[in-house]
Amino acid sequence: MSEKNLALLTFGCQMNKYDSEKIVGLLENSGIRLTDNLDTADIIILNTCSIREKAEHKVYSQLGRLTPLKKKNPNLIIGVGGCVAQIQGKKILQRAPQVDLVFGTLNINKLPGFIREIEETSARISDIDSNSDIDTDSAAIKREGAVQAWVNIMHGCDNYCSYCVVPYTRGREKSRTRESILTEIRGLSEKGFKEVTLLGQNVNSYGSDLSEGIDFPDLLSLIDKIEGIKRIRFITSHPKDLSDNLIKAMAELPKVCESLHLPIQSGSDSILQNMKRGYTSGEYLKNIDKVKEAIPEISLSSDVIVGFPGETDEDFEKTRDIIKSVRYDGIFLFKYSPRPETPASEFSNQIPNDVKQARFENIMELQKEITLNKNKKLEGKIVEILIEGNNKNDNSKLTGRTRTNKLVTIPTEGGFKKEDLTGKLIDVKITRANLYGLEGIIVGSRQ
Ligand code: 5AD
Ligand code: SF4
C-alpha cells in the first residue's frame with residue numbers, strides 16, 4: 001500500500017481520545033500517516049460522541065463540511081467511528097452519502113481491514129458488531145504525550161442510569177485481564193512514561209466479571225509496584241461501589257494521587273432514584289467524609305446534571321447544598337439532554353430549556369467561587385509537580401500538574417529547558433492561583 005494520510009477528528013471523553021490513539025497506531029502499522037490537514041488527507045475519520053444531543057448534531061454538521069472535499073477527491077475515504085456510529089450504524093450511510101465507512105466502539109481492531117476493503121472494492125461498509133477481541137495490542141497504541149498515558153482497564157457499563165446512552169454505545173461491562181493491563185503499563189514505563197490514568201466507566205467494579213479473583217484496589221497495588229511509574233490516577237468511580245478498601249488503597253499506596261472523581265449527578269434523593277444511581281445523598285456524603293478523613297489533601301471532582309425530568313426548585317436547591325457541603329475542586333456541569341433509547345427521555349415532566357439554562361448558570365457561579373477559593377489556598381505552598389512539557393499557549397513556560405490534578409504553569413526564566421525537565425518531579429512554589437490553574441516557580445528537584 002502506498003503511503004496515505006489520515007486526518008482524525010476526535011470528540012467527547014477520554015475514552016474516545018484513547019480510542020483515537022488506538023486508531024492512529026493501528027493505521028500507522030498499515031503505512032498510513034497522521035496529518036492535521038483535511039485538504040490533503042486520503043482518509044478522514046470522525047471519532048464521535050453521543051453523550052448529549054449537541055454532540056450528535058456536530059457529527060452531521062462536520063460531515064456536511066467534508067462534502068466538498070469528497071467532490072474534489074472521489075477517492076477520499078470518510079469514516080465515522082465512536083458512539084454515534086455504534087448507535088446509528090447503517091443510518092449514517094443512508095443520511096450522509098459522502099460516508100464510506102461506519103465502525104463501532106467495539107471493533108476498532110478491524111479498521112485496517114475495512115480501509116483495505118474500501119480501497120480495493122469501493123464498498124460502503126457499516127459494521128458495528130462487537131469483536132470477540134476488543135483489546136488492542138498495547139504496543140500499537142500511538143500515545144499523544146510522552147509523560148502521561150491513558151490505560152483502559154475495562155470496557156462498557158452495566159449501570160443503565162436512566163439518562164445515559166453509554167451502556168448502549170459501549171456495551172456491557174468487560175474487564176481487561178490483570179496481565180494485559182500490567183504488560184501495557186510496564187511497556188509505558190520502559191518508554192519513559194511516568195503517570196498512568198486508568199480509564200473505565202465504573203472502575204470500582206473492575207474485576208467482578210473476571211475469574212481471576214482481583215478487584216480494583218488489588219489492581220492499584222499491583223500497578224503501584226511497577227518501577228518507573230510515579231503517579232497513578234483513575235476515572236470514573238461510581239459512588240455506589242466506592243469501597244472502604246479503595247479508600248484504604250488510596251491512602252496507603254504512595255503512587256496513587258490524592259484526587260477522586262466521584263460524580264454525584266444530583267443532590268436530591270428523589271432525582272437520584274429516578275436517575276437509577278443506586279445511592280442517596282446521605283450515603284454519598286458519608287463516603288465523602290470517609291475519604292476526607294483518610295486522605296486530608298484529597299481533591300474532589302464531580303459530574304452534575306441540572307434539569308433532569310421532574311427537577312423542582314427544591315431538588316435543585318439540594319444540588320446546590322451538596323456542592324456547598326462537599327466543596328469540590330471542580331465539577332463538570334451538564335444540562336440534561338434527552339437521549340434516544342434511554343428511559344428518562346420518555347419521562348413526561350421534561351424541564352424547559354430556559355429553566356435548565358438558568359440553573360446551569362447558577363451552579364456555574366457557585367462552583368467558580370469554590371474552585372477559586374480552593375486554588376487560592378495553595379498560594380505560597382510548595383507542591384510536587386510532574387512536568388509534562390511546554391505550555392501550549394506560551395512556549396517559554398512549562399506545564400505540569402500537582403498530585404491533586406491542578407494545572408501549573410511555570411516560567412523558565414531560571415534557564416530551565418523543557419528537554420531537561422519533562423517527565424521530572426519538581427518542587428514548585430505556587431505564586432499565583434486563578435480559576436483555571438496555578439502559576440509557580442521551581443524551588444527544587446526530586447530526582
Ligand atoms: N444529559 C446530560 N448529561 C449527561 N451525562 C450523561 N448522560 C447525560 C445526559 N443525557 C453526563 C453525566 C455523566 C457525564 C459523563 O455526562 O454527568 O457522568
Ligand atoms: Fe452512564 Fe451511569 Fe454508566 Fe456512568 S455509570 S456511563 S452515567 S450509565
Side-chain angles (χ1 to χ4, degrees), residues 11-19 48-58 82-84 86-87 105-106 152-175 197 199-206 208-209 216 234-242 260-268 271-279 284 300-311 316 319 322-323 326 328 330-347 349-353 355-357 359-360 363-364 367:
F11 305 89
C13 67
Q14 270 336 312
M15 200 67 88
N16 256 18
K17 291 184 186 147
Y18 182 70
D19 283 350
T48 63
C49 166
S50 66
I51 196 91
R52 283 169 293 278
E53 209 174 2
K54 227 186 190 163
E56 204 163 317
H57 287 326
K58 233 192 244 166
C83 289
V84 177
Q86 188 66 43
I87 270 212
T105 55
L106 305 167
N152 184 210
I153 62 163
M154 56 203 299
H155 304 271
C157 181
D158 281 353
N159 287 308
Y160 292 92
C161 299
S162 66
Y163 52 82
C164 187
V165 79
V166 167
Y168 311 94
T169 63
R170 297 232 162 225
R172 302 306 302 265
E173 220 162 87
K174 191 165 183 275
S175 302
T197 304
L199 293 179
Q201 307 297 343
N202 180 10
V203 293
N204 298 353
S205 64
Y206 172 79
S208 55
D209 58 319
F216 186 54
F234 53 88
I235 46 172
T236 294
S237 296
H238 196 303
K240 76 175 165 54
D241 298 318
L242 186 83
L260 181 66
H261 184 63
L262 197 66
I264 177 78
Q265 311 296 1
S266 166
S268 150
I271 295 287
L272 285 172
Q273 195 173 9
N274 292 340
M275 286 178 162
K276 285 211 162 14
R277 289 290 289 173
Y279 54 85
Y284 180 93
L300 293 162
S301 59
S302 196
D303 295 342
V304 173
I305 299 177
V306 291
F308 185 81
E311 185 186 66
F316 173 68
T319 298
I322 207 154
I323 291 173
V326 176
Y328 296 104
I331 62 169
F332 296 93
L333 181 61
F334 307 103
K335 285 191 281 179
Y336 169 72
S337 167
R339 306 309 296 127
E341 293 191 57
T342 60
S345 65
E346 313 274 316
F347 293 175
N349 41 6
Q350 302 286 327
I351 304 291
N353 192 47
V355 177
K356 286 186 199 168
Q357 185 62 30
R359 288 178 182 170
F360 182 91
I363 293 218
M364 211 45 151
Q367 184 56 46

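In what follows, every heavy atom counts, from backbone to side chain, and hydrogens, waters and symmetry copies are set aside. Counting begins at 1 with the first residue of the sequence. Note that ligands are numbered from 1 as they come in the structure, with each ligand's atoms numbered from 1 the same way.
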Distance filter under 4.0 Å to [X] heavy atoms, resulting ligand 2 atoms:
{"X": "H238", "result": "5 (S)"}
{"X": "V166", "result": "6 (S)"}
{"X": "Y160", "result": "8 (S)"}

Query raised in the report: Do any of the N, O or S atoms of C164 sit under 2.8 Å from atom 1 (Fe) of ligand 2?
Result: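 Checking C164: at least one N, O or S atom is under 2.8 Å.
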Query - Per-residue contact class, I51 against ligand 1 - non-hydrogen pairs under 4.0 Å - result: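 Under 4.0 Å from ligand 1, I51 contributes backbone and side-chain atoms.
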Query raised in the report: Under a 4.0 Å heavy-atom limit, does K335 contact ligand 1 with its side chain, its backbone, both, or neither?
Result: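 For K335, only backbone atoms sit under 4.0 Å from ligand 1.
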If only atom types and distance count, is the side chain of [X] paired as donor or acceptor with the main-chain N or O of [Y] below 3.5 Å?
{"X": "T169", "Y": "Q86", "result": "no"}
{"X": "E53", "Y": "S337", "result": "no"}
{"X": "N152", "Y": "L199", "result": "yes"}
{"X": "S162", "Y": "K276", "result": "no"}

Report task. Test D209 against S175 for side-chain hydrogen bond (donor to acceptor under 3.5 Å, both in side chains), laying out the working first. Result -> CA-CA 7 Å; D209 58 319; S175 302; 2.5 Å; yes
Query raised in the report: Would the number of heavy atoms belonging to other residues, nucleotides or ligands and lying under 6.0 Å from CD of Q14 be above 12?
Result: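 Count over threshold, so yes.
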**Report entry** Atom OH of Y160: over 12 foreign heavy atoms under 6.0 Å
**Finding:**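 Result for OH/Y160: enclosed.
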Query raised in the report: Hey, is ligand 1 close enough to Y336 that some N/O pair sits below 3.5 Å?
Result: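 It does not: no N or O of Y336 is found under 3.5 Å from an N or O of ligand 1.
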Report task. Report yes if D303 has an N/O atom closer than 3.5 Å to an N/O atom of ligand 1; otherwise report no. Result ->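 Min N/O separation from ligand 1 is below 3.5 Å for D303.
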Write out the residue and atom name of the closest protein heavy atom to [atom], then the distance separating them to 0.1 Å.
{"atom": "atom 11 (C) of ligand 1", "value": "F334 CD1, 3.6 Å"}
{"atom": "atom 8 (C) of ligand 1", "value": "Y163 CD1, 3.7 Å"}
{"atom": "atom 3 (Fe) of ligand 2", "value": "C157 SG, 2.2 Å"}
{"atom": "atom 7 (S) of ligand 2", "value": "Y163 OH, 3.3 Å"}
{"atom": "atom 17 (O) of ligand 1", "value": "Q265 OE1, 2.7 Å"}

Query raised in the report: For E311 and S268, does a side-chain donor sit closer than 3.5 Å to a side-chain acceptor?
Result: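 The criterion, which ignores hydrogens and geometry beyond distance, is not satisfied for S268 and E311.
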**Report entry** Polar contact flag, side-chain donor to acceptor under 3.5 angstrom, Q265-Y163
**Finding:**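 The criterion, which ignores hydrogens and geometry beyond distance, is satisfied for Y163 and Q265.
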Requested in this report: Name the option, out of C13, C161, G156, that contains the heavy atom nearest to atom 2 (Fe) of ligand 2.
Outcome: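 Among C13, C161, G156, the closest heavy atom to atom 2 (Fe) of ligand 2 belongs to C161.
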Report task. For S337, take its heavy atoms, then give the atoms of ligand 1 lying under 4.0 Å from any of them. Result ->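 Within the 4.0 Å cut-off of S337, ligand 1 contributes 1 (N), 2 (C), 9 (C), 10 (N).
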**Report entry** Under 4.0 Å to a heavy atom of R52 - the qualifying atoms of ligand 1, by number
**Finding:**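 Per the distance check, 1 (N), 2 (C), 3 (N), 4 (C), 5 (N), 11 (C), 16 (O).
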Query - H155 NE2 to D19 CG distance, which is reported to the nearest 0.5 Å - result: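 If we round to the nearest 0.5 Å, H155:NE2 and D19:CG are 8.5 Å apart.
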Query raised in the report: In Å, rounded to the nearest 0.5 Å, how long is the span from CZ of F308 to SG of C161?
Result: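 F308 atom CZ to C161 atom SG measures 9.5 Å (nearest 0.5 Å).
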Query raised in the report: Is there a heavy atom in R277 that sits closer than 4.0 Å to ligand 2?
Result: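 Yes.
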Query raised in the report: Under 4.0 Å from ligand 2, counting heavy atoms only, is it the side chain of P167, its backbone, both or neither?
Result: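 It is the side chain that touches ligand 2; the backbone stays farther off.
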